[in-house]
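Note: hydrogens, waters and symmetry copies are ignored here, and every other heavy atom, side chains too, is used.
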Amino acid sequence: MRLPLLRSLGAAALLAATAARAQAPAPPDTGGLPFRNLGPTVAGGRVAAVAGVPGDPNTIWVGSASGGVWKTTNGGNTWDAVFAKQPTASIGAVALAPSNPNLVWVGTGEGNPRNDITNGRGVYFSPDAGRSWRLAGLENVGQIPRIAVDPQNPDVVLVAALGKVWTPNPERGVFRTADGGRTWKRVLFVNDTTGAIDLAFQPGNPRVVFAAMWQMRRYPWELVDGGAGSGIFRSTDGGETWTRLRNGLPEGLVGRIGIGIAPSNPNHVYAVVESRAGTLYESTDGGDHWRLVSPSRAYSVRPYYFSQVVVSPEDENHVYFGSFNLMESTDGGRTVHPLDPQVHPDHHAVWVDPQDPRRIVQGNDGGVFTTTDRGKTWRFLNNLPIEQFYSVALDR
């Protein structure tokens, strides 16, 4: 007897609910509400990549974590959304060919794997300084945190692919093209949970390339960070073949790694390493031997989120580190101090003009900042509409 009674009560409740909905007022029509930009703002959105043209203080390129690629030719007074018509707004890398800054490469898919990361759609190339773009391949590599263009041959390009961070996949590692992106070859692969996070040509000798590999996997609720697959690799034939470097570097559970090479002494290589053994390492013989410089976490407070090393073009001991603050050392990393107490924290991108080391462009969670006096004063370029939405509410 219970079953028919329950069915009867269920039918009655359904009829009552239907009647109540029929009597409720219709929701307001919100289709005519237009969106408008409320900026400029005090803080912008997360910037994952910056690039400049040596000797040109007016041209700056910016890659946003979820706001596309922007370019200014007047020092940041106004910006052009040069990537607006492409299928993704998540940017991990922007690279200009050293031999011709009009040849521009963009790697989509931010390389800082927070739990709100947006997937990329491959590598794009512009032959005319951003006026036009073509998809240059690697549509399935996920996140691309770094692109390195051969200084002598702009058709030779190396791409660091972190991969699809949510799942094991074979599209991780270093990819190389020798024909301007028409064909690609995966030249460095460790395993399906280890991707490439950084790349650097040795200044003056593009036959020598360094790559940092990072074993990681992202879940919505956690980041599996580090493993035996992480490490520093070196190529001596322009990226065709690779050898893992071990002498003096930490073994075991190693996480994200950032690499920086001194232009004034190309054998002096720095590495910020996420490990229990230490943080800052250096090699003075081109990577053959390494030693611990400092165990301090100040060089990379949140290693998975930012680990970048940039060496001043004029002094091998003058080093910048992208960390919670933009950190500076003038003694080869033995000591370090914040360079920018007045700007927004969480630094993901640093570019130093090789022709004028006083000029620095940096990108962080608050937008883009520039200096022309080595960081004594900074200018905030606050007219970039790249804010990130973390919640949306509607008032009826």
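- Among pairs with a residue in residues 169-203, none fulfils ring-ring contact (aromatic ring centres under 6.0 Å, His included), at least two apart in sequence or across chains.
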What donor-acceptor contacts under 3.5 angstrom involve side-chain atoms of residues 92-105, with partners at least two apart or in another chain?
{"unit_1": "N100", "atom_1": "OD1", "unit_2": "N102", "atom_2": "N", "d": "3.1"}

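- For the ring-ring contact (aromatic ring centres under 6.0 Å, His included) condition, the pairs that include at least one residue of residues 76-96, sequence neighbours left out, are F83-Y124, F83-W133.
- In terms of the side-chain hydrogen bond (donor to acceptor under 3.5 Å, both in side chains) criterion, residue partners of E314 (sequence neighbours excluded) are, by chain and number, R374.
- Scored by the salt bridge (Lys or Arg N to Asp or Glu O under 4.0 Å) test, D150 finds no partners at all (sequence neighbours excluded).
- Every residue was checked against the ring-ring contact (aromatic ring centres under 6.0 Å, His included) condition with F210, not counting sequence neighbours, and none meets it.
- When the side-chain contact (heavy atoms from CB on, under 4.5 Å) test is applied to A81, the partners found at least two apart in sequence or on another chain are W70, A84.
- For the side-chain hydrogen bond (donor to acceptor under 3.5 Å, both in side chains) test, no residue two or more places apart in sequence or in another chain qualifies with T370.
- Applying the side-chain hydrogen bond (donor to acceptor under 3.5 Å, both in side chains) test to R359 and every residue at least two apart in sequence or in another chain returns D353.
- When the side-chain hydrogen bond (donor to acceptor under 3.5 Å, both in side chains) test is applied to N119, no partner is found at least two apart in sequence or on another chain.
- Judged as a ring-ring contact (aromatic ring centres under 6.0 Å, His included), and not counting sequence neighbours, Y281 has no contacts.
- Residues meeting the side-chain contact (heavy atoms from CB on, under 4.5 Å) test with S64, sequence neighbours left out: I386.
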